[in-house]
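Below you'll find the structure, written out as structure tokens, and then a few comments.
In this text the structure is predicted, and so the values were computed from the model without any measurement.
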Amino acid sequence: MEHETMEFDVIIVGAGPSGLSAAIKLKQLASAAQKEIRVCILEKGSQVGAHILSGAVLEPRSLKELLPDTWQDAPLDTPVSHDSFYYLTSSRSIKLPTPKSMRNEGNFIISLGELCIYLAAQAEALGCEIYPGFAATEVVYNDQNQVIGIATGEVGVDKEGNQTAHYQPGMHLLAKQTLLAEGCRGQLSQHLMARYHLRDKCQPQTYGIGLKEIWRVHEELHVPGTVIHTIGWPMDQATYGGSFIYHLSKQRVALGFVVGLDYKNPWLNPFAELQRFKTHPLIQPLLKNGERLSYGARALNEGGWQSLPKLTFPGGMLIGDAAGFLNVPKIKGIHTAMQSGMLAAEACFESLEDSTTPIEITKYPEKINKSWLAKELYSVRNIRPGFKWGLIPGLINAAFETYITQGLSPWTLSNHADYATLKAAKRAKKIDYPKPDGKLTFDKLSSVFLSNTYHEENQPPHLKLKNNKLAISVNLEQYASPETRYCPAAVYEIVEEEDGPRLQINAQNCIHCKTCDIKDPRQNIVWHAPEGGGGPNYSGM
Ligand SMILES: Cc1cc2nc3c(=O)[nH]c(=O)nc-3n(C[C@H](O)[C@H](O)[C@H](O)COP(=O)(O)OP(=O)(O)OC[C@H]3O[C@@H](n4cnc5c(N)ncnc54)[C@H](O)[C@@H]3O)c2cc1C
Ligand code: SF4
């Protein structure tokens, strides 16, 4: 089929902090050199920010470098005023010294969605073309196995694959360089890593799932600028996880829980853990008589330095969380995503000059290796993997790496693939979660409602099983269908039918967190981008 095509110098897939920073940097460099370059950003959310979910405490280092004169005009909601760090048991909270990596002096509590809207306006003012509501669904190659752009998905195809009255074919957007800024577990990024063997020389990527709610709390309980992190309960000693509580402006508190996706117990339900966490005596009083305003969830990278893939391929590069540039001990990936985007943009701009064809820009990894970003990630590389031995050994290892060797240990700890860690259900302890009360704790469906998720219902399913039979013979029979618990949006359900149990996939609820793509024990679930514009419509996340 002939596709309509558009040509650019650079295409960026994803309007998160990495993609937007790359776009701004490219245009700034072009303007300084009095050159015209055409830069386009595609975003699958209905608007910039609609699919963005973060904590978020921003370390402003990259923002200051990107917009040195105007960074303070960005929506930096509330400066951090103080940090605390607690170890929780089921009834007590023990205040611990805040680890060096978690101190936030000079940082800001923000909504990353709002920051992205601001960065998008800066990019557009510099002449970038931003197309929200368009998912990049395929990579386009030339006959020399080089990437020459991406294809957007078709719109207006019904469940059976027939064209409806609203049918619009996909387009081919072509460029000399394609920057993948899809965030954690990007669909095209995964495909490119496999095609060009980009992960052959690194450790497996590991992940966490982060669930977040925003509450409006009572005026007297609100202390803007407060940052609290907790470890311990409700996680057991073998499971990596912890919470964040950030007091924004306007009586709002962002509260969330991250669970490492290397958890072993298939009965664990990350959503229910967040609900249970809110019943702790440290948290419950803060939320009393408050109102829950929003809900969402998103996977995040935890592999760090040793899990970074090769960053380039002929015709393109991986930036931000699509590559895995998150600093886990800091729980911060915004400044690192922005920095990787900026360095990619510099390398790209320098190389665009000399090339008319889609080359592999090796200057990008060289720039990364010489940057503060490499030093920062390298120095903390052994902290997250140390928690594979459990919470207390993990904390001892973290203290050793932070205060004794300061990241200079002569070893690098290895990572593991998260899908391979589940125990059989019959060998794991069932977890009894309390029923939601509808005031402090909630069920998944009423939560998804707050994420304003919408998908055109009559479209081919965007969640597919490679082999339908495994849903029952492996997932149900061996692991008691863990997808019905780890999915934070009640997409997966086992329904009993006359001829036996069946996995029902309520794809219209999907909030694009990518957890199923990561954690399914046989890697049998494949997440494809649905029609552009579908998915959550977060505001202020
Ligand atoms: C719960 C949680 C808490 C966090 N807390 C913090 C914090 O406090 N501080 C901090 O610094 N970091 C934090 N992070 C990490 C931080 O949010 C990420 O590291 C950062 O957002 C990564 O930026 P990115 O641009 O690489 O990707 P993203 O922010 O994920 O943006 C990717 C964009 O690409 C779009 N996209 C993806 N695929 C396609 C496609 N095929 N076609 C078109 N568009 C596409 C997505 O819709 C999205 O808008 C947190 C993350 C989570 C999940
Ligand atoms: S279906 Fe998968 S990607 Fe969608 S919300 Fe559930 S776990 Fe996340």
- Note on the structure: Residues pairing under side chain to side chain donor-acceptor pair (under 3.5 Å) where one sits in residues 531-541, two or more places apart or in two chains, turn out to be Ser46-Asn537

- Is there a donor-acceptor pair under 3.5 Å between the side chain of Asp9 and the backbone N or O of Arg38? yes

- Is the backbone of Met102 close enough, under 3.5 Å, to the side chain of Asn104 for a donor and an acceptor to pair up by distance? yes

- Query: Any donor-acceptor pair under 3.5 Å linking the side chain of Gln203 with the backbone of Asn415?
  - Reply: yes

- Query: Is there side-chain contact between Pro358 and Lys176, with at least one heavy-atom pair below 4.5 Å?
  - Reply: no

- Item | Polar side chain donor-acceptor pair, Lys332 to Ser101, under 3.5 angstrom | no

- Polar side chain donor-acceptor pair, Glu302 to Thr206, under 3.5 angstrom: no

- Distance, nearest 0.5 Å, that separates CG of Leu66 from CZ of Arg61: 14.0 Å

- Message: Go through it in stages, so that I can follow the logic: the residues are Trp372 and Glu65, the test is side chain to side chain donor-acceptor pair (under 3.5 Å), and I'd like the CA-CA distance, side-chain angles, deciding distance and then a yes or no.
- Response: CA-CA 12 Å; Trp372 57 255; Glu65 286 177 28; 3.0 Å; yes

- Message: Does Phe108 have more than 12 heavy atoms from other residues, nucleotides or ligands lying within 6.0 Å of its CZ?
- Response: yes

- Message: Looking at Lys367 and Ala347, would you say the former's side chain and the latter's main chain have a donor-acceptor pair under 3.5 Å?
- Response: no

- If we ignore angles and hydrogens, is there a donor and acceptor under 3.5 Å between the side chains of Thr412 and Gln306? no

- Distance-only, no hydrogens or angles: does the Lys310 side chain make a donor-acceptor pair with backbone N or O of Thr312 under 3.5 Å? yes

- Message: In the structure I gave you, are the side-chain heavy atoms of Leu255 and Leu274 within less than 4.5 Å of one another anywhere?
- Response: yes

- Item | More than 12 heavy atoms of other groups within 6.0 Å of Tyr263 OH | yes

- Note on the structure: The ring pair (Phe, Tyr, Trp, His ring centres under 6.0 Å) partners of Phe8 (sequence neighbours excluded) come to none

- Message: So Tyr246 and Val253, do their side chains get closer than 4.5 Å, heavy atoms only?
- Response: no

- Message: Working note: Thr421 + Lys519, criterion side chain to side chain donor-acceptor pair (under 3.5 Å); need CA distance, chi angles, decisive distance, verdict.
- Response: CA-CA 9 Å; Thr421 60; Lys519 186 65 179 168; 2.8 Å; yes

- Can you find a pair of side-chain heavy atoms, one from Pro17 and one from Leu112, that are under 4.5 Å apart? yes

- Item | Check: Asn506 main-chain N/O paired with Glu493 side-chain donor or acceptor under 3.5 Å | no

- Query: Do the two ring centres, one from His191 and one from Tyr196, sit under 6.0 Å apart?
  - Reply: no

- Message: Check whether Lys212 reaches the backbone of Gly55 with its side chain - one donor and one acceptor, N or O, closer than 3.5 Å.
- Response: yes

- Query: Can you tell me how far the CH2 atom of Trp215 sits from the CG atom of Leu248, to the nearest 0.5 Å?
  - Reply: 15.0 Å

- Message: Is it the case that atom CD in Glu138 sees more than 12 heavy atoms from other parts of the structure closer than 6.0 Å?
- Response: no

- Residues His528 and Lys464: side-chain donor-acceptor under 3.5 angstrom: no

